[in-house]
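Take a look at the structure below.
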Amino acid sequence: MRKVFVDVIVKYTKEGQKIPITVIWGDGRRYSVDRVLDVRPAASLKAGGCGIRYICRVHGKETTLWLEDDRWFVEAK
């Protein structure tokens, strides 16, 4: 596995929470985040590194999105 850095459109709440709204791949494809299921500090055991892990539902499928040092990534083969 490797890290693939992606652009993310984020909603900031008045409490300071970051909620991902849309994930944008390097080729321009956009995926709307239907729902954020879990947010917690964690280590990416597959791709390496650590940060905030967001478990999200995107188009009905559970996906993990990571925020590490103000950069967003997903784990890819």
Handout entry: Arg30 CZ to Thr22 OG1 distance, which is reported to the nearest 0.5 Å
Key = 6.5 Å
Problem - Minimum heavy-atom distance Ala42-Arg53, with the two atoms named - result: CB-CB, 3.9 Å
Exercise for the section: Using a 4.5 Å cut-off on heavy atoms from C-beta on, say whether the side chain of Val10 contacts that of Trp72. Expected result: yes
Problem - Path from Ile19 to Val74 over hydrophobic side-chain contacts below 4.5 Å - result: yes
Handout entry: Cluster overlap Tyr31 with Trp66, hydrophobic side-chain contacts below 4.5 Å
Key = no
Handout entry: Min side-chain heavy-atom separation Arg57-Val33 under 4.5 Å
Key = no
Exercise for the section: Verify, without hydrogens or angle tests, whether Tyr54 (side chain) and Lys18 (backbone) share a donor-acceptor contact under 3.5 angstrom. Expected result: yes
Problem - Between NZ on residue Lys3 and OG on residue Ser44, distance to nearest 0.5 Å - result: 7.0 Å
Completion exercise
Rounded to the nearest 0.5 Å, the CD atom of Gln17 sits from the CD atom of Glu15 at a distance of 6.0 Å
Exercise for the section: Could you state whether Phe73 and Leu67 fall into the same hydrophobic cluster, counting links through intermediate Ile, Leu, Val, Met, Phe, Trp or Tyr residues with side-chain heavy atoms under 4.5 angstrom apart? Expected result: no
Exercise for the section: Determine whether Ser32 and Val58 make a side-chain contact, defined as any pair of heavy atoms from C-beta on separated by less than 4.5 Å. Expected result: no
Practice task
Any chance you could lay out the salt bridge (charged side-chain N to carboxylate O under 4.0 Å, His left out) test for Asp69 and Arg71, step after step, and finish with the verdict?
Solution key: CA-CA 6 Å; Asp69 298 327; Arg71 294 176 68 194; over 6 Å; no
Handout entry: Check: Glu68 side chain, Cys50 main-chain N or O, donor-acceptor pair, under 3.5 Å
Key = yes
Problem - Separation between SG of Cys56 and CG of Asp34, rounded to the nearest 0.5 Å - result: 9.5 Å
Handout entry: Transitive ILVMFWY side-chain link Leu65 to Leu45, under 4.5 Å
Key = no
Problem - Side-chain (Asp38) to main-chain (Ile55) donor-acceptor, under 3.5 angstrom - result: no
Exercise for the section: Give a yes-or-no answer on whether the side chains of Glu75 and Thr64 include a donor-acceptor pair shorter than 3.5 Å. Expected result: no
Practice task
Decide whether Val8 and Ile52 are clustered together by the hydrophobic rule: side chain heavy atoms of Ile, Leu, Val, Met, Phe, Trp, Tyr closer than 4.5 Å, transitively.
Solution key: yes
